[in-house]
Amino acid sequence: MRRLALLLGLLVLHQTHCFEFVVEGEWETETSLEEQHGRFKRAILTSEEQEDFEAIRGDDITVKSYKVESRITSRFCHTTVKSSVVNSGPNAQSIGFNVQIPKRAFITNFTMNVNGIMFVGSVKEKTVARNLYAQARARGKAAGLVRANSQDMETFKTEVHVPPGSKIEFELHYQEMMQRKLGFYEHSLYLQPGRLVPQFQVDVYIYEPSGIASVETPNTLGEHFSGMAKLTSSKDKAHVVFKPSLQQQRKCENCTTSAIDGIFTVKYDVLRDSNAGELHVSDGHFVHFFAPANLSPLPKNIVFVIDVSGSMWGVKMKQTVEAMQTILDDLTMDDYFSIVDFNHNVRCWSEELVPGSTIQVAEAKKYIQNIKPNGGTNINEALMRAVQMLVKASNQGMIDPRSVSMIMLVSDGDPTVGEIKLSAIQKNLKKVMREEFSLFSLGIGFDVDYDFLERIAMENRGAAQRIYTSHDASDQIRRFYSQVSSPLLRKITVQFPEDSVSDVTQNHFDKYFSGSELVVAGKVLPSESTTLNSFTTAFADRLDLSLQTEADYLELDAALAQQQHAFTGFARQMWAYITVNQLLAERSLAPTAGKKRKITQRILTLAVEHQFVTPLTALLVESEEAKERLLADSPKDPKQGCCAGGSGMAALGGRTPVQMVHSIPPWVQMTTPAPPSHAERPLPDHITIVENDPHFIVHLPKNNMDVCFNIDSEPGHILNLVSDPGAGVVVNGQLVGSKRVEEKEKVNTYFGIISVFYQPDGIRVSVSTDRIDLTDGRNNHSFTWGATADITQDRVKVSIVKDSKVMVTVDDKITVMVLLHRVWKKHPTHVDYLGLYIPSNNQYSSQAHGLIGQFGQEPEVRVFNLHQGADPLKKEATMEVKGNKLVVTRGWQKDYRRDNKRGSDVFCWFIHNSGKGFIDGHYTNYLVPRLDSFLPLPL
């Protein structure tokens, strides 16, 4: 935690104003590595150094109101904290206004009204702010900062000295991006007024244009306030209000102290119509959110590197062992793992990676349980051994090319044995780590150089987290592991059409973990087009993905204008927020002083323009006539890091690189290449079609004619359409019935599911009116109709066109197109259904059969005896086919490929009685038990 301090004294006597400033830190300077380091002189902060926190401080004061309002729009939050205080005592005194804010938040403004004198804040470059402040300071002292111990919060602190009867109004603003972890966004507000407040109120307004899937307010303030948070929500909006009365705030019925003391939490998630993500365009900027689900996890290869030096003795080791017991139980047979533990020596539980079987996991748990901490700390050798283990497994072909290989380091101290120079360890690790390996670092307590752990993690495609040695340290370790334990995608790239966007934030990510979210933002360039498209490519387990989504330039702004509590500038501020955080991360890894200065200038420009208090800017608070000035800046961690180019900010956790997926390591490509094409294999004009309830139109190219028949079956029945054991392909369709029919009326049936099964690769593509599923016997991947996508798994290719059609191609020889038909949801009888389109030039084997597949071997057909039928508009004739003479009627059916609403007419010869005589046998011979069933032979 850090304290962002505005410690000042203000004495208002008639028209005389006197200010007194207290120094609590130091300004960041471009010090040398040796000056920064001071490794053996660092101050170690412990929990005992924390002071009791109160939002409003003062001995004899009246807090009239304390109000907090958060407006969350498209995952970006603007929070305002206001308080009105009166010095009701007989003497002048200091009144403090303290606000704990999330470490990842940027303060954007602070105003203060003292007896009618208004002080307004503005963010400036730190040197500019210092110079302006120096001109007006009373005693030549600057404001500074000090770190304090907290997991997720930092403190903004103000103190003003006023005479009796004075009225002070404080108002603080800060902004942050909601980060998705384990499937939820969590908004936290620290509430500790320290006294009873007549007007106490918290409002959280959420507006998510794509819709809110869930929202909850867990009772994190204790049973005393159970049920007091009121939630109202609709499809895309939610409002949470917490407004305890004065009596409800009391710890007991007659108590004069407040029971409000803790973190008020709101958790929510959004609706996602597709795996392609959401694209929001507003105010000349765009934000692309990517959080796919319903994908099977990639296999993991993980080496746990555990510090067992003497400093880990006691609670630290006990909690680490507890966490590891649970973590090891999470491993599956598809995962490979080993354990390296180290003190002054390095030991391996297994010299090679082993599968995560029940037996191996049990043996590993026993090994962990028997560890006895002692000795020094040889981090370098332990990490080298872990990397060598992964390299060996990779060279021997043990590692699945699509798996995720990672090292998880748990340590509580600096190296004392072997290589102890941190910059050398960093270089050694960088030299041996392959591009496909990642390092995740957990630093326990404050004895460890967390900045170093974060650097080596960021530089090697991972992330770091400090573990606080409290009672829940084992839970902290488990939660961190849970965030990275289920990788779904690798090599994710989000692209946009050329000349459509600029200033794009990081758009290439090494991994995507289940329950998290990738975010890309940028500026929209002027264009004649009214829509912006994004294209995302990625690798899943046995899948190659290419996903597309789009957004209208004006639609969201129009919707925002109708919202009373939306944050209309969210896209512009979110782009700046992500960019500044990424630049701060890049700056900490800058290899030269010149590179660092260039990045610094970019940060300063953006931070001042968007009014963010960062480690490089300061908040100058001045009266309306600029005669009085107060100053606050962002902190510098007194415990500096190890390596050249560092600012020290990363060790605070306050300016971490916006979660692991947003950091910019050197390996990231920041380009925006041309998007992939979504070219599909064109279907010929004449084609075999199954539409409506269901009408079959079989195209016979050699005879240059189309033959039609209906199948009158029952809902739930599965019809075999193509059964080709020679090619290993089967196409089946399951029927659904209409919603409601009158008594004795015939039930109309339609295809509700079309399944394509490719036996050699064990892959089934199941297309329904709700989604498209790919299964391979081990994994299941699910996609919605909500986005255009290209998916490749082995020899099966699936192309989805948003809300329109799916093309399935098997081995580049057999193609099936499924067309989606949507009906009015409130229609009394009709249901959504699927149309099927199969080209006659599919390359079936000689064994192909099925209602459609049998015509891969086209029969001889002769039509004669054309004459007027009972219906004057439809002629009749005799058809000779397969040794049968059939009475056929000239009619037409519909082809909906070019016009999904009206369709185009296809003239055909209609065969009555469910195709009897034209198809082999009776249609009931084509009923199969499962969607992947081949047709029994012989028919």
Side-chain angles (χ1 to χ4, degrees), residues 688-690 693-700 707-737 749-768 773-777 794-796 808-811 813-818 834 836-840 842-861 881-884 886 911-939:
T688 293
I689 301 170
V690 185
D693 57 342
H695 304 313
F696 285 71
I697 310 171
V698 177
H699 180 65
L700 303 175
V707 179
C708 305
F709 60 90
N710 296 342
I711 295 292
D712 296 322
S713 192
E714 297 179 12
H717 281 179
I718 300 174
L719 294 174
N720 174 255
L721 306 172
V722 177
S723 179
D724 188 351
V729 175
V730 62
V731 181
N732 291 325
Q734 186 167 27
L735 298 172
V736 294
T749 56
Y750 310 84
F751 278 128
I753 301 176
I754 300 292
S755 171
V756 180
F757 177 55
Y758 185 45
Q759 191 177 47
D761 290 346
I763 298 172
R764 190 180 86 187
V765 181
S766 181
V767 182
S768 70
D773 292 322
L774 275 77
T775 58
D776 58 16
D794 300 333
R795 288 174 286 180
V796 177
V808 181
T809 303
V810 177
D811 201 22
K813 295 179 181 178
I814 297 175
T815 298
V816 174
M817 190 183 88
V818 180
L834 304 172
L836 181 69
Y837 295 75
I838 300 180
S840 302
N842 274 348
Q843 300 175 42
Y844 302 121
S845 77
S846 60
Q847 302 177 47
H849 211 279
L851 285 169
I852 294 173
Q854 63 186 287
F855 297 103
Q857 305 287 328
E858 185 174 335
E860 292 292 333
V861 179
V881 59
K882 296 182 178 181
N884 302 309
L886 311 174
I911 298 176
H912 305 272
N913 299 321
S914 296
K916 184 178 180 181
F918 181 65
I919 62 174
D920 294 337
H922 191 267
Y923 87 86
T924 55
N925 299 131
Y926 297 88
L927 296 177
V928 291
R930 300 189 314 274
L931 284 168
D932 57 358
S933 296
F934 283 83
L935 198 62
L937 293 176
L939 187 65

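Keep in mind the model is a prediction, meaning the values are calculated, not measured.
The closest side-chain heavy-atom distance from Val731 to Ile852 is not below 4.5 Å. In this structure, Leu927 and Ser713 have side chains that are in contact, with non-hydrogen atoms separated by less than 4.5 Å. Between Tyr758 and Ile814 there is no side-chain heavy-atom pair separated by less than 4.5 Å. A 4.5 Å side-chain heavy-atom check between Tyr926 and Gln854 finds at least one atom pair inside the cut-off. At a threshold of 4.5 Å between non-hydrogen side-chain atoms, the residues Val730 and Ser933 do not count as touching. Between Leu931 and Ile718, the closest side-chain pair of non-hydrogen atoms falls below 4.5 Å. Residues Val729 and Phe757 fail the side-chain proximity criterion, which asks for heavy atoms closer than 4.5 Å. With a 4.5 Å cut-off on side-chain heavy atoms, Leu721 and Phe696 count as touching.
Counting heavy-atom neighbours within 6.0 Å of Lys882 NZ, excluding the residue itself, gives a total above 12.
A pairwise comparison of heavy atoms in Gln847 and Asp724 identifies C-OD1, 4.1 Å as the closest pair. Across every non-hydrogen atom of Leu935 and Asn925, the tightest pair is CD1-O, 3.6 Å. For the pair Ser840 and Thr688, the tightest heavy-atom approach, listed with the atom from each and the gap, is OG-OG1, 3.9 Å. Minimum interatomic distance between Leu700 and Glu858 (heavy atoms only, all atoms of both residues): CB-OE2, 3.2 Å. For the residue pair Ser845 and Gly726, the shortest heavy atom distance occurs at OG-CA, 3.4 Å.
Remark: Asn710 pairs with His695 by the side-chain hydrogen bond (donor to acceptor under 3.5 Å, both in side chains) rule, at least two apart or across chains. Among residues two or more places apart in sequence or in another chain, the side-chain hydrogen bond (donor to acceptor under 3.5 Å, both in side chains) test is passed with Asp794 by Arg542. The side-chain hydrogen bond (donor to acceptor under 3.5 Å, both in side chains) search around Gln759 returns none, not counting sequence neighbours.
The CG atom of Asn842 sits 12.0 Å away from the NZ atom of Lys813 when rounded to the nearest 0.5 Å. Note: Cys708 SG to Ile697 CD1 = 5.0 Å, rounded to the nearest 0.5 Å. Separating the CG atom in Asp932 from the OG atom in Ser766 is a distance of 10.0 Å, to the nearest 0.5 Å. The distance from the CD atom of Gln734 to the CD1 atom of Ile754 is 10.0 Å, given to the nearest 0.5 Å. Taken from OH in Tyr923 to CG in Leu851, the straight-line distance is 10.5 Å, to the nearest 0.5 Å. Interatomic distance, CZ of Phe934 versus CG of Asn720, reported as 9.0 Å (0.5 Å rounding).
Between the side chain of Thr749 and the main chain of Leu735, no donor-acceptor pair closer than 3.5 Å is present. Although no hydrogens or angles enter the test, the distance criterion places a donor-acceptor pair under 3.5 Å between the side chain of Asp761 and the main chain of Arg795.
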Discussion item. If you apply the rule side chain to side chain contact (heavy atoms under 4.5 Å, CB included), what do you find for Leu836 with Val818, and how did you get there?
Written reply: CA-CA 5 Å; Leu836 181 69; Val818 180; 4.3 Å; yes
Practice prompt. Could you check Phe709 against Ile919 for side chain to side chain contact (heavy atoms under 4.5 Å, CB included), going step by step and ending with a plain yes or no?
Written response: CA-CA 10 Å; Phe709 60 90; Ile919 62 174; 3.8 Å; yes
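Among the candidates Ile911, Val707, Asn913, the single residue satisfying the side chain to side chain contact (heavy atoms under 4.5 Å, CB included) test with Leu886 is Ile911.
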